[in-house]
Trainee: 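Take a look at this one; I'll ask things after.
The basis for the numbers below is simple: all heavy atoms, side chains too, and nothing from hydrogens, waters or symmetry mates.
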Amino acid sequence: GAMSDSQNIADIVGLADYLAAHVEGFRPPFTVQKFGTGQSNPTYHLKAGGSEYVLRAQPPGTLLKSAHQVDREFRVMQALGQTDVPVPHMFHLAHGDNPLGRMFFVMEYLPESGTEYFQRTKDMDFINRLVHGISQLHKIDVVHRDIKPENIRVRNDIPVLIDFGI
């Protein structure tokens with residue numbers, strides 16, 4: 001509910017010193033906004049100085065061992081970042097021994113969705129670049145299990161895959 005959301009945002013704000021120490025370029029003060037519902041792991045938009053980031057955390061409370069593996073999502077996207085697959089830059093993975101008390105990671109924020117980009121540019125080749133990015137994934141035997149418009153962002157006219165559903 002709204003009460004737990006505001007408490008969670010207060011907890012994220014409490015990470016200022018930790019984030020400044022661990023995330024390249026992060027300079028408090030910063031603002032926190034929770035992204036809409038739909039993610040099984042609470043996801044926040046951070047604005048610090050001229051930079052913007054995404055923070056995805058495990059939810060508070062007891063978790064199923066197989067669920068909410070933000071560390072696995074971080075490691076997969078970090079590994080993909082070394083390939084031709086376009087993914088957000090991964091800044092930091094925090095294990096449970098951090099001031100939030102649960103695992104989270106910080107990654108690049110990409111403001112424009114694939115849908116917004118396509119509507120703005122009518123760039124038909126965008127679809128070809130998206131298919132190319134997905135084919136690069138399949139070449140290394142990775143399957144994106146949740147391809148939908150909101151999981152495609154844009155960096156320099158290139159579709160970037162986010163939220164791998166893992």
Trainee: Grab the two heavy atoms, one from Pro159 and one from Pro86, that are nearest each other, plus how far apart they are.
Mentor: O-CG, 3.0 Å
Trainee: To the closest 0.5 Å, what do you measure between CG (Asn41) and CZ (Arg102)?
Mentor: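 Going from CG on Asn41 over to CZ on Arg102, the span is 10.0 Å.
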Trainee: Any carboxylate oxygen within less than 4.0 angstrom of a Lys/Arg side-chain nitrogen, looking at Arg56 and Glu73?
Mentor: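 Looking at Arg56 and Glu73, the cut-off is met.
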Trainee: List the atom of Ala16, the atom of Pro28, and the distance in Å for their closest heavy-atom pair.
Mentor: O-CG, 3.7 Å
Trainee: Decide yes or no on side-chain contact (heavy atoms from CB on, under 4.5 Å) for Ile158 and Val154, but give the supporting numbers first.
Mentor: CA-CA 5 Å; Ile158 300 296; Val154 182; over 6 Å; no
Trainee: Can you tell me how far the CE atom of Met107 sits from the CE atom of Met90, to the nearest 0.5 Å?
Mentor: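 One gets 6.0 Å once the value is rounded to the nearest 0.5 Å.
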Trainee: With a 4.5 Å heavy-atom cut-off, do Thr43 and Lys34 have their side chains touching?
Mentor: no
Trainee: Taking the hydrophobic residues Ile, Leu, Val, Met, Phe, Trp and Tyr, and joining any pair whose side-chain heavy atoms are under 4.5 Å apart, which ones share a cluster with Leu110?
Mentor: Val160
Trainee: In the hydrophobic cluster built from side-chain contacts under 4.5 Å, what are the other members alongside Ile12?
Mentor: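 Members other than Ile12 - counting any ILVMFWY side chain reachable under 4.5 Å - are Ile9, Val13, Leu15, Tyr18, Leu19, Val23, Phe26, Phe30, Val32, Tyr44, Leu46, Tyr53, Leu55, Phe91, Leu100, Phe104, Val106.
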Trainee: Under 6.0 Å from the CG atom of Asp17, do we count more than 12 heavy atoms belonging to anything else shown?
Mentor: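 Not more than 12 within 6.0 Å, no.
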Trainee: Report the distance from atom OG of Ser113 to atom CZ of Arg153, rounding to the nearest 0.5 Å.
Mentor: 5.0 Å
Trainee: Is there a side-chain contact between Ile140 and Gln136 in this structure, where contact means two heavy atoms from C-beta onward sitting under 4.5 Å apart?
Mentor: no
Trainee: For His89 and Glu24, work out which heavy atoms get closest and say how close.
Mentor: NE2-OE1, 4.4 Å
Trainee: Could you check whether any side-chain N or O of His144 sits under 3.5 Å from a backbone N or O of Asp146, counting only pairs where one atom can act as donor and the other as acceptor?
Mentor: yes
Trainee: Can you find a pair of side-chain heavy atoms, one from Phe126 and one from Thr121, that are under 4.5 Å apart?
Mentor: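 SC-SC contact between Phe126 and Thr121 ruled out.
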Trainee: If I take atom CD from residue Glu108 and atom CE from residue Met77, how far apart are they, to the nearest 0.5 angstrom?
Mentor: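 Here the rounded value is 10.5 Å.
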Trainee: Tell me if the aromatic rings of Phe105 and His92 count as close, with their centers under 6.0 Å from one another.
Mentor: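 Here the rings of His92 and Phe105 have centres that are no less than 6.0 Å from each other.
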Trainee: Any chance you could measure His138, atom NE2, to Asp141, atom CG, to the nearest 0.5 Å?
Mentor: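 One gets 9.5 Å once the value is rounded to the nearest 0.5 Å.
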Trainee: Any chance you could measure Lys47, atom NZ, to Thr31, atom OG1, to the nearest 0.5 Å?
Mentor: 6.0 Å
Trainee: In plain terms, say whether Arg120 and Glu112 are close enough for a salt bridge, that is, a side-chain N and a carboxylate O under 4.0 Å apart.
Mentor: yes
Trainee: Answer yes or no: is there a side-chain heavy-atom contact under 4.5 Å between Val87 and Ile162?
Mentor: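 No, too far: nothing below the 4.5 Å cut-off.
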Trainee: Under a 4.0 Å N-O cut-off, is there an ion pair linking Lys148 with Asp163?
Mentor: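 Answer for the salt bridge query: no.
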Trainee: Side-chain contact test, heavy atoms from C-beta onward, threshold under 4.5 Å: evaluate it for Leu161 versus Asn151 and give yes or no.
Mentor: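 Counting from C-beta outward, Leu161 and Asn151 never come under 4.5 Å.
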Trainee: Go through Arg129 and Asp123 one step at a time and tell me if the salt bridge (charged side-chain N to carboxylate O under 4.0 Å, His left out) criterion holds.
Mentor: CA-CA 10 Å; Arg129 294 193 299 274; Asp123 177 0; 2.7 Å; yes
Trainee: Any side-chain heavy atom of Asn8 within less than 4.5 Å of one from Pro60?
Mentor: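 Answer yes - side chains close enough.
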